[in-house]
Amino acid sequence: MSSLVLPRTDAADGTAPSPKRGRRIALVPTVSLLLGAVYCLLPVMWVVIASTKSGRELFSTFTFWPGTGFAENLTDLNSYRDGVYWQWMANSALYAGLGALLSTCVSAVSGYALATYRFRGRETVFNVLLAGVLMPPVILAIPQYLLMAEADLTDSYLSVLLPQILSPYGVYLARIYAAAAVPSDVVEAGRMDGAGEWRIFTRVALPMMLPGLVTVFLFQFVAVWNNFLLPFVMLSDDEKFPITLGLYTLLEQGSSQPALYTLVITGAFLAVVPLVALFLVVQRFWSLDLLSGAVKS
(Lines give C-alpha, C1' and ligand atoms only; values in the text may rest on other atoms or scores of the structure.)
Protein backbone atom coordinates (compact mmCIF):
# COMPACT_ATOMS: atom_id res chain seq x y z
CA MET A 1 0.00 0.00 0.00
CA SER A 2 1.55 3.31 -1.08
CA SER A 3 1.80 6.08 1.45
CA LEU A 4 0.42 9.51 0.75
CA VAL A 5 2.80 12.38 1.48
CA LEU A 6 1.04 15.64 2.20
CA PRO A 7 2.79 18.97 1.72
CA ARG A 8 3.86 20.73 4.90
CA THR A 9 1.46 23.45 5.97
CA ASP A 10 1.64 26.40 8.29
CA ALA A 11 0.13 25.69 11.67
CA ALA A 12 -1.85 28.91 11.71
CA ASP A 13 -3.95 28.77 8.53
CA GLY A 14 -3.18 25.35 7.03
CA THR A 15 -1.63 26.80 3.85
CA ALA A 16 1.64 25.67 2.33
CA PRO A 17 4.64 27.88 3.22
CA SER A 18 5.68 30.35 0.57
CA PRO A 19 9.18 29.95 -0.93
CA LYS A 20 9.59 33.73 -0.85
CA ARG A 21 8.84 33.74 2.87
CA GLY A 22 11.54 31.14 3.47
CA ARG A 23 14.04 33.20 1.52
CA ARG A 24 13.15 36.31 3.50
CA ILE A 25 13.69 34.43 6.77
CA ALA A 26 17.06 33.11 5.51
CA LEU A 27 18.15 36.66 4.67
CA VAL A 28 17.91 37.77 8.30
CA PRO A 29 20.98 35.87 9.63
CA THR A 30 22.93 36.69 6.45
CA VAL A 31 22.29 40.41 6.79
CA SER A 32 23.08 40.25 10.52
CA LEU A 33 26.42 38.56 9.83
CA LEU A 34 27.26 41.10 7.13
CA LEU A 35 26.51 43.98 9.49
CA GLY A 36 28.67 42.36 12.17
CA ALA A 37 31.51 41.88 9.67
CA VAL A 38 31.30 45.53 8.59
CA TYR A 39 31.28 46.65 12.23
CA CYS A 40 34.43 44.62 12.98
CA LEU A 41 36.33 45.32 9.75
CA LEU A 42 35.61 49.04 9.42
CA PRO A 43 38.17 50.11 12.08
CA VAL A 44 40.76 47.79 10.51
CA MET A 45 40.10 49.31 7.11
CA TRP A 46 40.48 52.78 8.58
CA VAL A 47 43.84 51.89 10.14
CA VAL A 48 45.11 50.37 6.88
CA ILE A 49 44.10 53.44 4.84
CA ALA A 50 45.21 55.99 7.45
CA SER A 51 48.66 54.38 7.64
CA THR A 52 49.23 55.41 4.00
CA LYS A 53 48.69 59.11 4.73
CA SER A 54 51.23 61.73 5.69
CA GLY A 55 50.61 64.02 8.62
CA ARG A 56 49.11 66.69 6.38
CA GLU A 57 46.90 64.22 4.48
CA LEU A 58 45.67 62.60 7.68
CA PHE A 59 43.69 65.69 8.73
CA SER A 60 42.87 67.17 5.33
CA THR A 61 41.68 64.33 3.06
CA PHE A 62 38.63 62.08 3.00
CA THR A 63 38.75 59.39 5.69
CA PHE A 64 38.73 56.37 3.36
CA TRP A 65 40.86 57.89 0.59
CA PRO A 66 44.41 56.41 0.43
CA GLY A 67 47.37 58.68 0.86
CA THR A 68 50.93 58.78 -0.45
CA GLY A 69 52.98 58.79 2.75
CA PHE A 70 53.24 55.11 3.74
CA ALA A 71 56.93 54.80 2.85
CA GLU A 72 57.70 58.04 4.69
CA ASN A 73 55.76 56.82 7.73
CA LEU A 74 57.74 53.58 7.77
CA THR A 75 61.01 55.49 7.58
CA ASP A 76 60.00 57.81 10.43
CA LEU A 77 58.79 54.89 12.54
CA ASN A 78 62.01 53.00 11.93
CA SER A 79 64.17 55.98 12.90
CA TYR A 80 62.15 57.05 15.95
CA ARG A 81 64.43 56.73 18.98
CA ASP A 82 66.82 54.45 17.08
CA GLY A 83 64.11 51.92 16.20
CA VAL A 84 62.56 51.43 19.63
CA TYR A 85 59.34 50.37 17.89
CA TRP A 86 60.98 47.13 16.74
CA GLN A 87 62.18 46.53 20.29
CA TRP A 88 58.54 46.77 21.39
CA MET A 89 57.55 44.33 18.65
CA ALA A 90 60.27 41.90 19.75
CA ASN A 91 59.10 42.20 23.36
CA SER A 92 55.52 41.44 22.32
CA ALA A 93 56.70 38.43 20.33
CA LEU A 94 58.59 37.19 23.40
CA TYR A 95 55.71 37.76 25.80
CA ALA A 96 53.06 36.33 23.48
CA GLY A 97 55.07 33.48 21.92
CA LEU A 98 56.76 32.11 25.03
CA GLY A 99 53.79 32.92 27.28
CA ALA A 100 51.31 31.21 24.96
CA LEU A 101 53.58 28.17 24.57
CA LEU A 102 54.04 27.72 28.32
CA SER A 103 50.36 28.37 28.94
CA THR A 104 49.41 25.74 26.36
CA CYS A 105 51.69 23.18 28.02
CA VAL A 106 50.19 23.88 31.45
CA SER A 107 46.68 23.79 30.03
CA ALA A 108 47.35 20.48 28.26
CA VAL A 109 48.61 18.73 31.39
CA SER A 110 45.93 20.23 33.65
CA GLY A 111 43.07 19.64 31.23
CA TYR A 112 44.11 16.03 30.59
CA ALA A 113 44.38 15.33 34.33
CA LEU A 114 40.96 16.85 35.06
CA ALA A 115 39.37 14.91 32.20
CA THR A 116 41.03 11.52 32.79
CA TYR A 117 41.66 11.04 36.50
CA ARG A 118 39.03 10.63 39.20
CA PHE A 119 40.06 12.16 42.51
CA ARG A 120 38.44 13.90 45.43
CA GLY A 121 37.88 17.58 44.83
CA ARG A 122 38.18 17.35 41.05
CA GLU A 123 34.91 19.17 40.39
CA THR A 124 35.78 21.78 43.02
CA VAL A 125 39.07 22.52 41.26
CA PHE A 126 37.25 22.77 37.95
CA ASN A 127 34.62 25.12 39.39
CA VAL A 128 37.35 27.36 40.80
CA LEU A 129 38.90 27.49 37.32
CA LEU A 130 35.52 28.47 35.87
CA ALA A 131 35.34 31.27 38.43
CA GLY A 132 38.78 32.38 37.22
CA VAL A 133 37.43 32.59 33.67
CA LEU A 134 34.76 35.01 34.86
CA MET A 135 37.20 37.14 36.87
CA PRO A 136 37.99 40.49 35.18
CA PRO A 137 41.75 41.02 34.66
CA VAL A 138 41.56 44.48 36.25
CA ILE A 139 40.75 42.84 39.61
CA LEU A 140 43.85 40.61 39.43
CA ALA A 141 46.34 43.23 38.23
CA ILE A 142 47.06 44.84 41.62
CA PRO A 143 47.38 41.54 43.57
CA GLN A 144 49.71 40.24 40.87
CA TYR A 145 51.80 43.40 41.13
CA LEU A 146 52.05 43.01 44.92
CA LEU A 147 53.16 39.39 44.54
CA MET A 148 55.81 40.33 41.98
CA ALA A 149 56.97 43.18 44.21
CA GLU A 150 57.43 40.75 47.11
CA ALA A 151 59.55 38.55 44.83
CA ASP A 152 61.46 41.61 43.54
CA LEU A 153 60.41 40.83 39.96
CA THR A 154 58.62 44.03 39.01
CA ASP A 155 59.88 45.89 35.92
CA SER A 156 61.25 42.66 34.47
CA TYR A 157 60.28 40.35 31.64
CA LEU A 158 59.23 37.69 34.14
CA SER A 159 56.70 40.05 35.73
CA VAL A 160 54.73 39.99 32.47
CA LEU A 161 55.43 36.36 31.53
CA LEU A 162 54.68 34.53 34.78
CA PRO A 163 51.07 35.71 35.32
CA GLN A 164 50.22 34.63 31.75
CA ILE A 165 51.28 31.00 32.15
CA LEU A 166 48.16 29.82 33.96
CA SER A 167 45.12 30.52 31.84
CA PRO A 168 41.82 29.33 33.39
CA TYR A 169 40.11 29.53 30.02
CA GLY A 170 42.91 27.49 28.42
CA VAL A 171 42.61 24.79 31.10
CA TYR A 172 38.84 24.76 30.60
CA LEU A 173 39.18 24.29 26.82
CA ALA A 174 41.84 21.60 27.25
CA ARG A 175 39.69 19.67 29.71
CA ILE A 176 36.64 19.78 27.46
CA TYR A 177 38.64 18.75 24.41
CA ALA A 178 40.51 15.98 26.25
CA ALA A 179 37.23 14.52 27.53
CA ALA A 180 35.88 14.43 23.97
CA ALA A 181 39.01 13.45 22.01
CA VAL A 182 40.80 10.96 24.28
CA PRO A 183 38.72 7.77 24.78
CA SER A 184 39.07 6.18 28.19
CA ASP A 185 39.44 2.77 26.51
CA VAL A 186 42.61 3.94 24.79
CA VAL A 187 44.08 5.13 28.10
CA GLU A 188 43.18 1.85 29.80
CA ALA A 189 44.71 -0.13 26.93
CA GLY A 190 47.96 1.79 27.36
CA ARG A 191 48.00 1.00 31.06
CA MET A 192 47.38 -2.68 30.39
CA ASP A 193 50.33 -2.69 27.98
CA GLY A 194 52.54 -1.43 30.81
CA ALA A 195 52.97 2.16 29.67
CA GLY A 196 53.44 4.79 32.37
CA GLU A 197 51.08 7.71 32.80
CA TRP A 198 53.50 10.23 31.35
CA ARG A 199 54.16 8.02 28.32
CA ILE A 200 50.42 7.58 27.75
CA PHE A 201 49.95 11.33 27.90
CA THR A 202 52.82 12.24 25.56
CA ARG A 203 52.49 9.38 23.06
CA VAL A 204 48.74 8.73 23.03
CA ALA A 205 46.70 11.59 24.44
CA LEU A 206 48.77 14.57 23.29
CA PRO A 207 48.49 13.84 19.53
CA MET A 208 44.72 13.46 19.93
CA MET A 209 44.52 16.76 21.79
CA LEU A 210 46.73 18.66 19.35
CA PRO A 211 43.96 20.50 17.39
CA GLY A 212 42.42 21.73 20.64
CA LEU A 213 45.82 22.80 21.97
CA VAL A 214 46.45 24.80 18.81
CA THR A 215 43.23 26.67 19.57
CA VAL A 216 44.41 27.29 23.14
CA PHE A 217 47.75 28.58 21.83
CA LEU A 218 46.04 30.93 19.38
CA PHE A 219 43.65 32.37 21.99
CA GLN A 220 46.42 32.86 24.52
CA PHE A 221 48.80 34.38 21.96
CA VAL A 222 46.20 36.94 20.92
CA ALA A 223 45.31 37.68 24.55
CA VAL A 224 48.94 38.28 25.56
CA TRP A 225 49.75 40.24 22.40
CA ASN A 226 46.82 42.60 23.01
CA ASN A 227 47.32 42.81 26.77
CA PHE A 228 47.79 46.34 28.01
CA LEU A 229 46.85 46.48 31.68
CA LEU A 230 49.38 43.99 33.08
CA PRO A 231 52.47 45.53 31.36
CA PHE A 232 51.18 49.00 32.28
CA VAL A 233 51.14 48.01 35.96
CA MET A 234 54.35 45.95 36.00
CA LEU A 235 56.79 47.84 33.78
CA SER A 236 58.46 51.23 33.98
CA ASP A 237 61.41 50.73 31.60
CA ASP A 238 60.09 51.57 28.14
CA GLU A 239 62.64 49.27 26.47
CA LYS A 240 60.72 46.33 27.99
CA PHE A 241 57.33 47.61 26.84
CA PRO A 242 55.18 45.46 24.55
CA ILE A 243 53.77 47.03 21.43
CA THR A 244 50.46 47.97 23.08
CA LEU A 245 52.10 49.97 25.84
CA GLY A 246 54.67 51.48 23.50
CA LEU A 247 51.98 52.77 21.13
CA TYR A 248 50.10 54.16 24.12
CA THR A 249 53.12 56.24 25.13
CA LEU A 250 53.41 57.51 21.56
CA LEU A 251 49.72 58.42 21.55
CA GLU A 252 50.12 60.37 24.78
CA GLN A 253 53.00 62.34 23.29
CA GLY A 254 50.90 62.99 20.18
CA SER A 255 48.79 65.51 22.08
CA SER A 256 51.80 67.82 22.15
CA GLN A 257 53.48 66.53 18.96
CA PRO A 258 50.77 65.85 16.33
CA ALA A 259 53.40 64.46 13.94
CA LEU A 260 53.52 61.31 16.10
CA TYR A 261 49.92 60.40 15.21
CA THR A 262 51.05 58.98 11.88
CA LEU A 263 53.63 56.84 13.70
CA VAL A 264 50.95 55.52 16.06
CA ILE A 265 48.63 54.60 13.20
CA THR A 266 51.37 52.99 11.12
CA GLY A 267 52.62 51.12 14.17
CA ALA A 268 49.11 49.88 14.94
CA PHE A 269 48.77 48.60 11.37
CA LEU A 270 52.09 46.73 11.57
CA ALA A 271 51.11 45.28 14.96
CA VAL A 272 48.06 43.59 13.41
CA VAL A 273 50.08 41.85 10.67
CA PRO A 274 51.59 39.10 12.92
CA LEU A 275 48.15 38.23 14.29
CA VAL A 276 46.69 37.90 10.78
CA ALA A 277 49.65 35.78 9.67
CA LEU A 278 49.34 33.54 12.72
CA PHE A 279 45.61 33.07 12.14
CA LEU A 280 46.19 32.10 8.50
CA VAL A 281 48.84 29.54 9.51
CA VAL A 282 46.63 28.07 12.22
CA GLN A 283 43.64 27.96 9.88
CA ARG A 284 45.71 25.93 7.43
CA PHE A 285 46.69 23.57 10.26
CA TRP A 286 43.04 23.08 11.19
CA SER A 287 42.17 22.26 7.57
CA LEU A 288 45.00 19.73 7.28
CA ASP A 289 44.04 18.13 10.59
CA LEU A 290 40.40 17.75 9.56
CA LEU A 291 41.45 16.31 6.21
CA SER A 292 43.80 13.79 7.84
CA GLY A 293 41.09 12.82 10.30
CA ALA A 294 38.69 12.17 7.45
CA VAL A 295 41.27 10.01 5.66
CA LYS A 296 41.99 7.99 8.80
CA SER A 297 38.31 7.39 9.45
Do [X] and [Y] touch side chain to side chain, with heavy atoms closer than 4.5 Å?
| X | Y | result |
| --- | --- | --- |
| Val204 | Val187 | no |
| Val216 | Tyr177 | no |
| Asn227 | Val160 | no |

According to side-chain contact (heavy atoms from CB on, under 4.5 Å), who are the partners of [X], at least two apart in sequence or on a separate chain?
| X | value |
| --- | --- |
| Leu140 | Met135, Gln144 |
| Tyr145 | Thr154, Val233, Met234 |
| Leu166 | Val106, Val171 |
| Glu197 | Tyr117, Arg191 |

Scan [range] for pairs that pass side chain to side chain donor-acceptor pair (under 3.5 Å), counting only residues two or more places apart or in two chains.
| range | result |
| --- | --- |
| residues 199-214 | none |
| residues 242-251 | Tyr248-Glu252 |
| residues 66-77 | Glu57-Thr68 |
| residues 85-104 | Asn78-Trp86, Gln87-Asn91, Asn91-Tyr157 |

Taking only residues two or more places apart in sequence, or in another chain, which ones meet Arg81 in a side chain to side chain donor-acceptor pair (under 3.5 Å)?
Asp238
Can you pull out every salt bridge (charged side-chain N to carboxylate O under 4.0 Å, His left out) where at least one residue sits in residues 155-181? Sequence neighbours excluded, please.
Glu123-Arg175
More than 12 foreign heavy atoms under 6.0 Å from [atom1] of [X]: is that the case here?
| X | atom1 | answer |
| --- | --- | --- |
| Asp152 | CG | no |
| Phe126 | CZ | yes |
| Asp82 | CG | no |

Please answer whether the main-chain N or O of Glu239 pairs with a side-chain N or O of Asp237 as donor and acceptor at a distance below 3.5 Å.
yes
Please write out which residues are connected to Val31 in a hydrophobic cluster, directly or through intermediates, given that two of Ile, Leu, Val, Met, Phe, Trp, Tyr count as joined at side-chain heavy-atom separations below 4.5 angstrom.
Leu35
Please identify each residue that fulfils ring-ring contact (aromatic ring centres under 6.0 Å, His included) with Trp198, with sequence neighbours left out.
Phe201
